[in-house]
Protein chains: 2
Amino acid sequence: MIDPDGMTPVYRQVADLIAAQIERGQLPPNRPIPSETALMQDFGVARGTARRAVRELRDRGLVATVHGRGTYVLPR
Amino acid sequence: MIDPDGMTPVYRQVADLIAAQIERGQLPPNRPIPSETALMQDFGVARGTARRAVRELRDRGLVATVHGRGTYVLPR
DNA sequence: CTATATTTGTGCGTATGTATG
DNA sequence: ACATACATACGCACAAATATA
């Protein structure tokens, strides 16, 4: 899944994988993506890396984060 | 009790102490272990650390957590 | 039924230390 | 020196589930 020694940073790899799941509809609009803790376990990355991946998705306009609730897939 | 500068992480020290109490029967089956807030005070750690210790115990199959209720010692 | 308190779940921000490229 | 990444740990805020007054 994740290639730690690849040319692209791990956080972007994680972001790309989640983005792909959103495109496929595996993560439907208005539904939450996995929590930071879940992402850590799912991809085997540190918290900082997971958070950075989510931030990437926010910057791309794919998701929106709500404090205390989670990060949700935006409708498109 | 807890050695913050020891080789073993604080969260595992806390988990081990609770596990020992379970083994001794001081924390009986089907009864709740102390809440996260209580663990913070008892061991002088942050909530994140207390939560991580509880998570360790879950991963070891010693306890089960119910949202809004607490974490209970599993029968064995 | 409403309100409050307790407890867990999630997220934000930051800090320290280590290791690698 | 710098960026990336891991691991640990602190503190705080808001949300959700549960129980109780």
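Keep in mind the model is a prediction, meaning the values are calculated, not measured. We use all heavy atoms of the structure for the numbers below, so side chains are in, but hydrogens, waters and symmetry mates are not. Here is the naming used below: chain letters follow the sequence lines, and residue numbers restart at 1 for every chain.
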Identify whether any heavy atom of [X] sits under 4.0 Å from a base atom; if not, whether one sits that close to sugar-phosphate; answer base, sugar-phosphate or nothing.
X        : value
Thr71(A) : sugar-phosphate
Thr65(A) : sugar-phosphate
Glu36(A) : sugar-phosphate

In whole Å, what is the span from the [atom1] atom of [X] to the [atom2] atom of [N]?
X        : N      : atom1 : atom2 : result
Arg12(A) : dT4(D) : CZ    : P     : 8 Å
Asp5(A)  : dC6(D) : CG    : C1'   : 14 Å
Met7(B)  : dT8(D) : CE    : C1'   : 16 Å
Phe43(B) : dA9(D) : CZ    : C1'   : 16 Å
Arg69(B) : dG9(C) : CZ    : C1'   : 16 Å
Leu39(A) : dA5(D) : CG    : C1'   : 16 Å
Asp3(B)  : dA9(D) : CG    : P     : 11 Å
Asp42(B) : dT7(C) : CG    : P     : 12 Å

* Asked: Should dA1(D) form a Watson-Crick or G-U wobble pair with both distances under 3.5 Å, which nucleotide is its partner?
  ->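 The base-pairing partner of dA1(D), which may sit in any strand shown, does not exist here.
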* Asked: Taking the side chain from Glu36(A) and the backbone from Arg47(A), do they hold a donor-acceptor pair closer than 3.5 Å?
  ->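 The answer is no, because no donor-acceptor pair under 3.5 Å joins these two groups.
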* Asked: Does the Glu56(A) side chain pair with the main chain of Tyr11(A), one donor and one acceptor, at a distance under 3.5 Å?
  ->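 Here the side-chain-to-backbone pair does not exist.
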* Has Tyr11(B) got a side-chain N or O lying under 4.0 Å from the OP1 or OP2 atom of dT8(D)? ->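 Answer is yes, contact under 4.0 Å.
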* Starting from the 5' end of DNA chain D, give me the residue, Val66(B) or Pro9(A), whose nearest nucleotide shows up first. =>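 Nearest-nucleotide comparison on DNA chain D picks Pro9(A).
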* Neighbours of DNA chain D within residues 44-58 of chain B, by heavy-atom distance under 4.0 Å ->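 Contacting residues: Val45(B), Ala46(B), Arg47(B), Thr49(B), Arg52(B).
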* **For Asp16(A), all residues meeting salt bridge (charged side-chain N to carboxylate O under 4.0 Å, His left out), sequence neighbours excluded** =>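 Asp16(A) satisfies salt bridge (charged side-chain N to carboxylate O under 4.0 Å, His left out) with Arg60(A) once adjacent residues are dropped.
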* Inter-residue atom distance Thr49(A).OG1 - Arg51(A).CZ, 0.5 Å rounding ->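 Spacing of OG1 (Thr49(A)) from CZ (Arg51(A)) equals 11.5 Å.
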* Interatomic distance, Met1(B) atom CE to Asp42(B) atom CG [nearest 0.5 angstrom] ->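 Reported value, rounded in 0.5 Å steps: 8.0 Å.
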* **Contacts of type side-chain hydrogen bond (donor to acceptor under 3.5 Å, both in side chains), residue Arg58(A), not counting sequence neighbours** =>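 With sequence neighbours excluded, Arg58(A) shows a side-chain hydrogen bond (donor to acceptor under 3.5 Å, both in side chains) to Thr65(A), given in chain and number order.
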* To do: Have a look at Leu57(B) and tell me which of Val14(B), Leu74(B), Val73(B), Leu62(B) forms a side-chain contact (heavy atoms from CB on, under 4.5 Å) with it.
  =>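 Of Val14(B), Leu74(B), Val73(B), Leu62(B), side-chain contact (heavy atoms from CB on, under 4.5 Å) with Leu57(B) is met by Leu62(B) alone.
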